[in-house]
Structures are given as structure tokens and as C-alpha cells.
Novice: 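Here it is, the structure, as C-alpha cells.
Chain naming here is simple, since letters A, B, ... match the order of the sequence lines and numbering starts at 1 in each. Just the heavy atoms: all of them, side chains too, but no hydrogens, waters or symmetry mates, feed the values below.
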Amino acid sequence: MYDIKWIRENPEEFDKGLVRRGFEPHSAKVLELDKKYRSLQTDLQDMQSRRNDLSKKIAEAKKNGEDADVLMHEVSSLKSGMADIDEEVRSVCEQIEKVLEILPNRPADDIPDGLDDSTNRVVRTWGEPRKFDFKPLEHDELGEKLGLMDFEQAAKVSGARFVYLKGDLAKLERALAQYMLDMHTEKHGYCEMEVPLMVNSSAVYGTAQLPKFAEDLYKTTDGYWLIPTAEVSLTNFFAGKILDEEKLPLRVTALTPCFRSEAGAAGKDTRGMIRQHQFYKVEMVAITTPEKSWEEHEHMTNSAEDILKGLNLPYRVMCLSAGDMGFSSRKTHDLEVWLPGQDKYREISSVSNCWDFQARRMDARCKSKNQKGTRYVHTLNGSGLAVGRTLVAVMENYQQADGSILVPEALQKYMNGKKVITTYK
RNA sequence: GGAAAGAUGGCAGAGUGGUCGAAUGCGGCAGACUCGAAAUCUGUUGAUAGGCUUUGCUUAUCCGAGGGUUCGAAUCCCUCUCUUUCCGCCA
């Protein structure tokens, strides 16, 4: 959510950001409503002030045993006009909110222009894609050949975009999640959390999946939303709070299933585990002061990269263009892992600095001891990593000619020392 | 699911129709005392929005949320949410 005061002072910048995102300029309309709102509010406050004065006089008159009927009538007539203005103030305020709540965050200055992924910029590349002396398979083919991945039965039980994992492959996924959490908690300074998977509307509004993206989410019969990412639960942990600036940054992480309807993804990634309605993800969230959020963005990106480095999976870091970023983000780094089966880099993590955009929506603030007043915190979130997609990457990168899969060294301790995954017996 | 009691500032906790944005205590901040610290004493200390003659002044709103009654609501009425305790059920 934008700060109306900031728009008042920087209308051109506001519009410029929107245009970079592929949106129409909105400052003229917003400022017109804002002007109306403020003038109405002043009128209303004047009336309220008069009412309060008269009420005090009535109290005094009654205390002195005087007659207060005339005064009381005066307030009554004053009140009849107040209700209308009150209604108008509320309506204009709502109109402003309706406009602002569906506008995306302002892109940072240093990110590429462009409305889609074609102008995303490569920030850095790590690792050499492995040379195969056989034709590498895609993960779903590998998994099914091993008898450890079953899409067919999942389709019967649930439908498209679900999977069963069996035996060592199921265990490998669990090992991956554990490895990620251990890295983040022991090495990167995150606090592990166990979080709600079902949340209410105001939480989803806070992280800005609502009101605009309701069709991407699952809703229960009694009105809960299934989280599409632990970002919702983790970030809202700080909703409505005033945090000590001295204690920031706060870093939290959680392993959760994520639920997505994939409403707009018909025909995309229909095979395999890349795009499922339900998948595990380790999410990182950081809360910082306004001064420290860019620094924290780098730290979080590095934390995600560390996971891939530890698994020796080649990847590159992309800086997303203005129009390709998520709604709440000012700057997003995507980590793309090399998938030999697909012969391309695929997104495995997305690390975003949301600035004060979500903090305003969920009223998360911070306060310094030597400072008057409060400020909105900056929120950041990033996948660290998408567990299902990491499993895919491990399978494709560590496959052998006979169809077996080597267990990356970093995961062996989570697999009881097992070094290779073969057919289920 | 049934019954009862609650929700007040950073925290604890008074306040049942009229200078109540709210006593008191703790905490925080500033000062005094001290070589320094502790203890003690004194003062100070909420948020949001608007206006202005803008390091300040002023107006409004905020006592779980939303409505209502009233000249006036933390206080009375209604709805909702949450918490606690007891009973029931349950991984």
C-alpha cells in the first residue's frame, strides 16, 4: 500500500513507477480524491469540535442547576448535518483505498525496464553445467522409471498437478528440507518457526495476495485461506506490532506446504513436479529498518544461493524487470537452477524486498529508543528454497546412465549415509 | 459442542454516563546525588490523521472489532472476534 503523503509530494515518481510496471498513471485521480477527503475531514472536525464544546457547556450548566435545553437543541441540529458529512468522508476514504490497494509496489531505480522476463538481467552465474555422456532424462521420467514417483495414481486420487513420492525419493525430499532449515538456522541467522497453514482474510490482505489475486488461492468452506507460501504466515507474525529498532533485523524461516490453484497456468508445465497445486517450500522472511533493507536483500539472496552451492547445483541469479516482479516487490532476485533434463535454467527461488508496502497493509512498525514516533518496517521474503523443485534439480543433475541417482554429499547425513538411490524393491 | 468470566497505554492494573487519553505501579527517557554504578529523589513519557504562523502549536479519532442509544459513552444496548476456567469430544 502506498503512503498517500508520499504520493502528494512525489506524484511524478508515483506515476513513473506505475508506467514501468505497465499500469496507467494514477496520481491525478488519487490526488483529486485526497484533496476532497482532506477538505471534508476538516469540515467534519470543525463540527465535532463545536459539538464537544457545547457538550461541555451542557455538563457545566447541569452541574450549576441551570437549564440546558437551548444548548441541547443546538447540538441536535448540528448533529443532523454531521451524519451526512461523516458518510461522505468515509466513502471518499474507501474510494482512495480501493484505488491504492490494487496498485503494485514501485520498482527500484536499479532494476531493468521491461514488462516481461525478456529483459531480466543476469546478475551472476555460479557453477558449470555438467557434461553428460548420455542423454539426461527429465525428473518425472527418471522418477517413474525408478518406481519412486507416481503421477498416474495421484491423478486418480486427486487430479492433475499432484504426485506420490515413494521410498528414498520421499526421504530425499525430507532430507532436502531438513538440510535447508539447518543451514538457515545454524549459518544464516534465521529462527525456525512452525506456522499456521490456514489464515484469515486480513492476513492475506497484509501480504497483498488479496484483494487482487483471490483466484490463485484456495479457500476453505468456513472462510480460511490455505497459504500459497509461508510468507503470509511468517510476515504476518509481525502484523500490528511495534518492534524495537535495536533488535532488527529479525529473520525467520519455516518449512510448509504451499497451496496454489495455478488458475492462470493452464497448459504450462503440465508434466512433472515443477508446477503442482501443493508443494513444500522453505521460506525466509526478514524484518528490517528502512536503512538496512537493501543490505538484507543481499544477505537473503546469498542465503538462498548457499543452499544451491552446498548441493553443488549450477545456477544463476536474475534481477527481474519492473513488469515481471510480484505485486509487493520493489526488487526481486530470482535464482534459476540448471536442469539438464530440460536443458535450461528454471526458477527455484525468488527473493524480494517489499520495502514498507506490506508493513503498511499489516501495520508493522518499529520504534527507536532515542526517537519520537514510529516508522513502518521493511519486509523481505524469499524461498530458501522450493523443496519440490530442488528435488527435481538434484534428480536431473545427479542422475547416472543406469537411471540411479547419486545422493549429494551434503544430504547423505540426512539419508543414513546412503550414497545412491536405486529402484524401489 | 455446552456453561461462566473477561478483553483498558510498552507491561501490570484502576475506572459503571460529564475536563477520562484515561488513576496507580513497573518499564523507558532526562536530571539531581555519586569518582562511577546501584539505591533514592525530581521531572517526563501513547498512536493515527488533518490544519497552521511547522524543531512548535492546534483540531479530530482511538479503551478487542463493528453498529446503536444519548447533548455527551471506556462506562448503557446489540452483533462479531478472541482469551481464560469448567464440562464434553479428540490427534
Novice: Using a 4.0 Å heavy-atom cut-off, does A/L71 contact any base of the nucleic acid, only the sugar-phosphate backbone, or nothing at all?
Specialist: nothing
Novice: Rounded to whole angstroms, how far apart are CG on A/D86 and P on B/C62?
Specialist: 11 Å
Novice: Hey, does the side chain of A/K241 reach the backbone of A/F237 with a donor-acceptor pair shorter than 3.5 angstrom?
Specialist: yes
Novice: Tell me: CZ of A/F238 to C1' of B/G10, nearest whole Å?
Specialist: 17 Å
Novice: At under 4.0 Å between heavy atoms, what does A/R90 touch on the DNA or RNA strands: base, sugar-phosphate, or nothing?
Specialist: sugar-phosphate
Novice: Any donor-acceptor pair under 3.5 Å linking the side chain of A/S261 with the backbone of A/E215?
Specialist: yes
Novice: Taking atom C1' in both B/C80 and B/G6, compute the distance separating them and give it to the nearest angstrom.
Specialist: 16 Å
Novice: Measure from CZ on A/R365 to P on B/G9 and round the result to the nearest Å.
Specialist: 13 Å
Novice: Using atom CD of A/Q48 as one end and atom C1' of B/U58 as the other, report the distance to the nearest whole Å.
Specialist: 15 Å
Novice: Please determine whether a side-chain nitrogen or oxygen atom of A/K79 lies at a distance below 4.0 Å from atom OP1 or OP2 of B/G72.
Specialist: yes
Novice: Consider only side-chain N and O atoms of A/S27 and A/D15, and report whether a donor and an acceptor are under 3.5 Å apart.
Specialist: yes
Novice: Assign A/R8 to base, sugar-phosphate, or nothing according to its heavy-atom contacts below 4.0 angstrom with the strands shown.
Specialist: sugar-phosphate
Novice: Using a heavy-atom cut-off of under 4.0 Å over every strand shown, decide if A/D46 touches base, sugar-phosphate, or nothing.
Specialist: nothing
Novice: If I take atom CD in residue A/E245 and atom C1' in nucleotide B/C29, what distance separates them, rounded to the nearest angstrom?
Specialist: 16 Å
Novice: Could you give the OH-to-P distance, from A/Y376 to B/A47, as a whole number of Å?
Specialist: 13 Å
Novice: In whole Å, measure the gap between the C1' atoms of B/U40 and B/C33 for me.
Specialist: 9 Å
Novice: Quick one: do A/D86 and A/R90 make a salt bridge, cutoff under 4.0 Å?
Specialist: yes
Novice: B/G18 P sits how many Å from A/D53 CG, rounded?
Specialist: 19 Å
Novice: Does A/N52 place a side-chain N or O at less than 4.0 Å from the phosphate oxygens OP1/OP2 of B/U59?
Specialist: no
Novice: How many whole angstroms separate atom CG of A/D244 from atom C1' of B/G46?
Specialist: 15 Å
Novice: Rounded to whole angstrom, note down the P distance from B/G64 over to B/A74.
Specialist: 10 Å
Novice: Are there more than 12 heavy atoms of other residues, nucleotides or ligands under 6.0 Å from atom NZ of A/K16?
Specialist: no
Novice: May I ask you to say whether A/R365 pairs ionically with A/D363, meaning some side-chain N is under 4.0 Å from a carboxylate O?
Specialist: yes
Novice: Between B/G31 and B/A38, how far is it from one P atom to the other, in whole Å?
Specialist: 13 Å
Novice: With side chains defined as the heavy atoms from C-beta onward, is the minimum distance between A/E396 and A/E138 less than 4.5 Å?
Specialist: yes
Novice: Partner of B/C86 by Watson-Crick or G-U wobble geometry, both contacts under 3.5 Å, or none?
Specialist: B/G2
Novice: List in numerical order all residues of residues 35-45 of chain A for which some heavy atom is under 4.0 Å away from an atom belonging to RNA chain B.
Specialist: A/R38, A/Q41, A/T42, A/Q45
Novice: Across the strands shown, which category fits A/K367 at heavy-atom distances under 4.0 angstrom: base, sugar-phosphate, nothing?
Specialist: sugar-phosphate
Novice: Which atom names give the shortest non-hydrogen contact between A/I111 and A/S321, and what distance separates them?
Specialist: CD1-C, 4.2 Å
Novice: For A/V75 and A/I4, find the nucleotide of RNA chain B closest to each by heavy atoms; which residue's nucleotide sits nearer the 5' end?
Specialist: A/I4
